[in-house]
Amino acid sequence: MARTTTAAPSGQSPAAPGLGERLRTGFGLLGPRHPRHVLSPEQADTLALPIGDDGVVAGVDAEGQPAVLGINRPTPYDVVLIGGLWTAQVLALRTAATGARVAVETGRPQAWMQMVHAMGGGQNGLAVYEVGRVPPQGASAGTPVLVVRDCGMRPPRGRVVSGPWQSVLTLLPYLSPVAPRLLRQTRLTGIQRVSPDEAAELGRTMGLSRTEVDSLPGLPDGVTLWCTDRDRQYVMTQPTDAEIGLLGTPRRMD
């Protein structure tokens, strides 16, 4: 039987097909009948998210904002920390937590074994080697590496050096005769509490201001002055409960 249609009143378009007609012709189900979610340009600005640097959270700055060290990089990156073992170990833990592998070259492996056991016996991101025995790490964008050199006051030249996706952090407990050479090649230097004589020497070597030099002998435990060629920033490393349980509270001396 032929289907009849009803003409629309003059000046109007034909009536839209009903739900049954739309389903038969393949248009699918109708969406919910409510106003569209549309924002004005002014309202869209309220959705902006703060995005900071990508890296390892070393602590908080003077304003209480997270201070981030960009350790995993596609270019060689050398870091020198003139400070305590505690801070180096916290940075190693936090670097491993980002998915990087950490290789520790040390003359005191017993000081690192608690961390190794806590992280699964060296199978989950952290391994300890004797001085001069660090094998090639095979760093890549998918598996970045941090080599921590805890080799005392006069660390020998390392067999494994910084490279693409492989950064090297050298820990110096105090200023030593090899420090000037290391500071010349480093991209980032961290300074914790040192003696007035060491502070004066660092001021001359690194071009620190008088205020910065005067502050170094009195820095509290857990506070580090991080320095690049252009920037200086005091950072307080605040440990988590898990880090306190594993490493204890912040300290400069070991």
Side-chain angles (χ1 to χ4, degrees), residues 53 55-71 76-92 94-95 104-108 111 131 146-158 161-162 167-239 247-254:
D53 293 333
V56 177
V57 178
V60 295
D61 61 18
E63 286 73 40
Q65 298 299 312
V68 178
L69 303 184
I71 290 178
Y77 197 66
D78 288 281
V79 182
V80 170
L81 173 61
I82 303 171
L85 177 65
W86 184 90
T87 301
Q89 290 183 327
V90 169
L91 292 176
R94 295 181 180 183
T95 301
V104 179
E105 179 183 10
T106 181
R108 46 178 174 177
V131 176
L146 171 66
V147 177
V148 179
R149 305 199 70 217
D150 174 29
C151 305
M153 293 287 291
R154 297 173 179 266
R157 293 183 182 273
V161 298
S162 61
S167 299
V168 175
L169 186 154
T170 300
L171 174 64
L172 295 178
Y174 300 101
L175 205 60
S176 72
V178 303
R181 170 178 61 83
L182 294 173
L183 294 177
R184 283 193 298 269
Q185 69 186 35
T186 189
R187 298 276 302 280
L188 177 68
T189 302
I191 308 171
Q192 297 189 314
R193 187 170 61 247
V194 294
S195 70
D197 288 344
E198 290 174 303
E201 179 62 27
L202 286 168
R204 290 189 292 269
T205 302
M206 301 180 59
L208 302 179
S209 69
R210 170 52 57 185
T211 300
E212 291 164 344
V213 169
D214 291 344
S215 73
L216 293 178
L219 291 181
D221 289 342
V223 174
T224 307
L225 174 61
W226 290 103
C227 308
T228 66
D229 290 339
R230 294 175 297 177
D231 299 316
R232 309 277 189 267
Q233 190 173 68
Y234 293 94
V235 174
M236 175 179 287
T237 302
Q238 298 175 322
L247 304 174
T249 56
R251 58 190 180 276
R252 170 64 175 91
M253 303 295 294
D254 299 302

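Note: hydrogens, waters and symmetry copies are ignored here, and every other heavy atom, side chains too, is used.
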Side chain to side chain, [X] and [Y], heavy atoms closer than 4.5 Å:
{"X": "Ile82", "Y": "Glu198", "value": "no"}
{"X": "Val178", "Y": "Pro155", "value": "yes"}
{"X": "Leu183", "Y": "Leu202", "value": "yes"}
{"X": "Leu175", "Y": "Thr205", "value": "no"}
{"X": "Thr95", "Y": "Leu169", "value": "no"}
{"X": "Thr170", "Y": "Asp78", "value": "no"}

Practice prompt. Working to the nearest 0.5 Å, report the span between CG of Leu69 and CZ of Arg94.
Written response: 10.0 Å
Heavy-atom closest pair, residues [X] and [Y]:
{"X": "Glu212", "Y": "Arg232", "answer": "OE2-CG, 3.1 Å"}
{"X": "Gly222", "Y": "Pro250", "answer": "CA-CB, 3.9 Å"}
{"X": "Val131", "Y": "Pro156", "answer": "CG1-CG, 3.8 Å"}

Discussion item. The criterion is side-chain contact (heavy atoms from CB on, under 4.5 Å); which residues satisfy it with Arg252, sequence neighbours excluded?
Written reply: Tyr174, Gln192, Arg193, Val194, Asp221
Item to complete: For Asp214, check side-chain contact (heavy atoms from CB on, under 4.5 Å) against everything at least two apart and list the hits.
Response: Arg210
Worksheet item: What residue pairs, at least two apart or across chains, pass side chain to side chain donor-acceptor pair (under 3.5 Å) with a residue in residues 56-71?
Response: none
